[in-house]
Protein chains: 2
Amino acid sequence: MFTDASRPLYEVKANLFKGLAHPLRVRVLEVLAATPDAETPVAALLEATGLEASHLSQHLAVLRNYRLVTAERRGNQVSYRLAYPQVADLLRVARALLGEILQATERQLVEQAGLPDIPTQAAARATDASAAPVAEASTVTAARS
Amino acid sequence: MFTDASRPLYEVKANLFKGLAHPLRVRVLEVLAATPDAETPVAALLEATGLEASHLSQHLAVLRNYRLVTAERRGNQVSYRLAYPQVADLLRVARALLGEILQATERQLVEQAGLPDIPTQAAARATDASAAPVAEASTVTAARS
DNA sequence: CCATGGATTGATGAATCCATCAATCCATTA
DNA sequence: TAATGGATTGATGGATTCATCAATCCATGG
């Protein structure tokens with residue numbers, strides 16, 4: 001059911017994004033995407049992420065269920081690779097989009113720094129929390145009707 | 001903070017995917033992507049989704065915070081559009097990936113249907129639940145060492 | 001067969017996200 | 001300014017997801 005057909009496309013898509021919506025999973029995919037034609041043993045992933053085996057394995061299971069990676073057992077140990085090259089594509093496009101977003105919001109910060117408050121490092125310090133969205137600045141812009 | 005720089009890339013990426021990880025939000029983005037150069041009034045989104053205004057607005061707020069859409073107020077009503085064309089790119093690539101996944105899992109279903117159980121419509125009926133991942137079939141494949 | 005190392009699975013409290021309802025805001029018109 | 005329609009915001013249970021720990025599986029070597 002992790003990627004079922006016979007459901008509206010937007011549901012399946014959202015579901016795919018849900019599979020990608022965790023830093024550790026993205027990290028793992030990035031590592032795997034770095035060597036698209038080689039297998040990466042779990043040991044290497046453990047080292048790359050610094051995680052506890054069990055924790056990593058949980059997320060690997062998620063990635064497997066979503067059919068984003070495939071696993072192969074060679075004797076005692078297991079290796080992973082991306083299930084499809086398009087997974088790497090997706091990461092690249094996401095990165096490109098983020099480039100745009102960050103660049104644009106940076107411009108905005110500069111613009112609004114010209115007038116109000118402290119023009120220097122205030123913004124930098126303000127943008128410090130570790131959870132989610134971009135710093136606010138009133139979203140809905142006006143336009144003449 | 002919804003798309004902060006100065007954090008590891010994989011965190012920011014995962015965060016982006018989190019913003020996309022909901023069927024309604026994907027649906028809205030798809031609608032907006034259908035007319036990239038025109039604004040879409042909230043009324044149209046309401047109709048396209050069949051949602052209650054408040055509910056839709058919640059998700060629009062999320063999309064705004066993630067900088068995926070922009071809103072403009074024209075007199076009494078508000079219209080939305082994609083903030084960057086790359087958002088549409090991302091949806092397209094996701095769709096391409098899903099195409100691969102579904103096609104491949106379909107092949108697998110056919111293969112394994114050749115031998116066990118009922119070879120006909122059993123698989124189709126089995127893939128019915130409405131929540132998440134693809135139907136299971138043992139993940140870790142073996143290989144010679 | 002038992003022990004060991006490598007990896008996965010299961011279970012549980014904590015944290016996060018979501019849908020719904022009430023309240024508010026904003027611009028237009030009377 | 002009072003009232004109305006369009007849209008957003010806030011608050012609150014209910015549902016998902018996550019991190020951690022213990023238990024299990026699986027293949028190899030003694």
Side-chain angles (χ1 to χ4, degrees), chain A residues 1-2 11 14-15 17-28 39-47 49-66 69-80 129-133 136 138-145, chain B residues 1-2 11 14-15 17-28 39-47 49-66 69-80 129-133 136 138-145:
Chain A
M1 348 220 151
F2 267 108
E11 277 191 25
N15 200 55
F17 289 130
K18 219 150 75 167
L20 297 165
H22 192 288
L24 260 47
R25 294 201 287 271
V26 172
R27 182 87 188 91
V28 167
E39 297 191 331
T40 306
V42 170
L45 295 175
L46 273 175
E47 190 191 15
T49 60
L51 253 65
E52 179 199 3
S54 158
H55 194 188
L56 174 61
S57 207
Q58 296 271 13
H59 285 289
L60 288 174
V62 174
L63 290 174
R64 262 184 282 125
N65 285 333
Y66 279 96
V69 303
T70 60
E72 253 186 50
R73 163 158 246 140
R74 253 164 226 290
N76 213 0
Q77 52 202 39
V78 181
S79 291
Y80 284 83
S130 110
E136 313 270 329
S138 118
T139 52
V140 186
T141 64
R144 219 52 317 244
S145 64
Chain B
M1 346 233 147
F2 267 107
E11 278 192 25
N15 199 55
F17 289 129
K18 218 150 76 168
L20 296 167
H22 191 289
L24 261 46
R25 295 200 286 271
V26 172
R27 182 84 189 94
V28 167
E39 297 191 330
T40 307
V42 170
L45 295 175
L46 273 175
E47 190 191 15
T49 60
L51 254 64
E52 179 199 3
S54 157
H55 193 188
L56 173 62
S57 208
Q58 297 269 14
H59 285 289
L60 288 174
V62 174
L63 290 174
R64 263 184 282 128
N65 285 333
Y66 280 96
V69 303
T70 60
E72 252 186 51
R73 163 158 243 141
R74 253 165 226 289
N76 213 2
Q77 53 202 39
V78 180
S79 291
Y80 283 82
S130 111
E136 314 268 329
S138 117
T139 52
V140 186
T141 63
R144 218 56 312 251
S145 63

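Note that these values count all heavy atoms, side chains included, but never hydrogens, waters or copies made by symmetry. We name chains A, B, ... by the order of the sequence lines, and we start the count at 1 in each one.
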Between the CD atom in A:E72 and the OG atom in A:S79, the distance rounded to the nearest 0.5 Å is 8.0 Å
When rounded to whole Å, the CG to C1' distance for the pair B:L56 and D:dT9 reads 14 Å
Checking D:dT8, D:dA27, D:dT9 against the side chain of B:V42 (C-beta onward), the nearest is D:dT8
Side-chain contact test, heavy atoms from C-beta onward, threshold under 4.5 Å: evaluate it for B:L45 versus B:L60 and give yes or no.
yes
So, do A:H55 and A:L24 sit near enough that their side-chain heavy atoms are less than 4.5 Å apart? yes
Separation of D:dT9 atom C1' from B:L63 atom CG, nearest Å, is 16 Å
Rounded to the nearest 0.5 angstrom, the CZ-NE2 distance for A:R64 and A:H59 is 12.5 Å
Ranking A:N76 and A:V62 by the position along DNA chain D of their nearest nucleotide, the one closer to 5' is A:V62
To the nearest angstrom, the CZ-P distance between A:R73 and C:dA7 comes to 8 Å
Interatomic distance, CD@B:Q58 vs CG@B:L63, rounded to 0.5 Å, equals 12.0 Å
One should read off an interatomic distance between A:R27 CZ and A:L56 CG, to the nearest 0.5 angstrom, of 11.5 Å
Rounded to 10°, the angle between the first-five-pair and last-five-pair axes of the helix from C:dC1-D:dG30 to C:dA30-D:dT1 is 10°
Rounding to 0.5 Å, atoms CD (B:E39) and OG1 (B:T70) come to a distance of 7.5 Å
Which of C:dA7, D:dA19, D:dT8 is nearest the side chain of A:H59? It is D:dA19
When rounded to whole Å, the CG to C1' distance for the pair A:L51 and D:dA19 reads 10 Å
Rounded to whole Å, CG of B:L60 lies from P of D:dA7 at a distance of 10 Å
| query | Per the atom types in the model, does the base of D:dT20 pair as donor or acceptor with the side chain of A:Q58 at under 3.5 Å? | reply | yes
Considering only heavy side-chain atoms of A:S54, the closest of C:dA27, C:dT9, D:dT8 is C:dT9
Tabulate atom names and distances for all N/O pairs under 3.5 angstrom spanning the protein and nucleotides 12-17 of chain D.
from   : atom 1 : to    : atom 2 : distance (Å)
D:dT17 : OP1    : A:K18 : NZ     : 3.3

Distance col, row A:R25:CZ vs B:F17:CZ, nearest 0.5 angstrom, shows 11.5 Å
Tell me whether the side-chain N/O atoms of B:H55 come closer than 4.0 Å to OP1 or OP2 in D:dT8. no
Against the side chain of B:R64, the closest entry in D:dT8, C:dC21, D:dA27 is D:dT8
Checking C:dT8, D:dA7, D:dA19 against the side chain of B:V78 (C-beta onward), the nearest is D:dA7
In short, A:A71 meets A:Y80 closest at the heavy-atom pair CB-CE2, 3.5 Å
Separation of C:dG5 atom C1' from A:E52 atom CD, nearest Å, is 16 Å
In whole angstroms, the gap separating P of C:dC18 from CG of B:L20 amounts to 12 Å
Here the distance between atom P of C:dC17 and atom CG of A:N15, to the nearest Å, is 17 Å
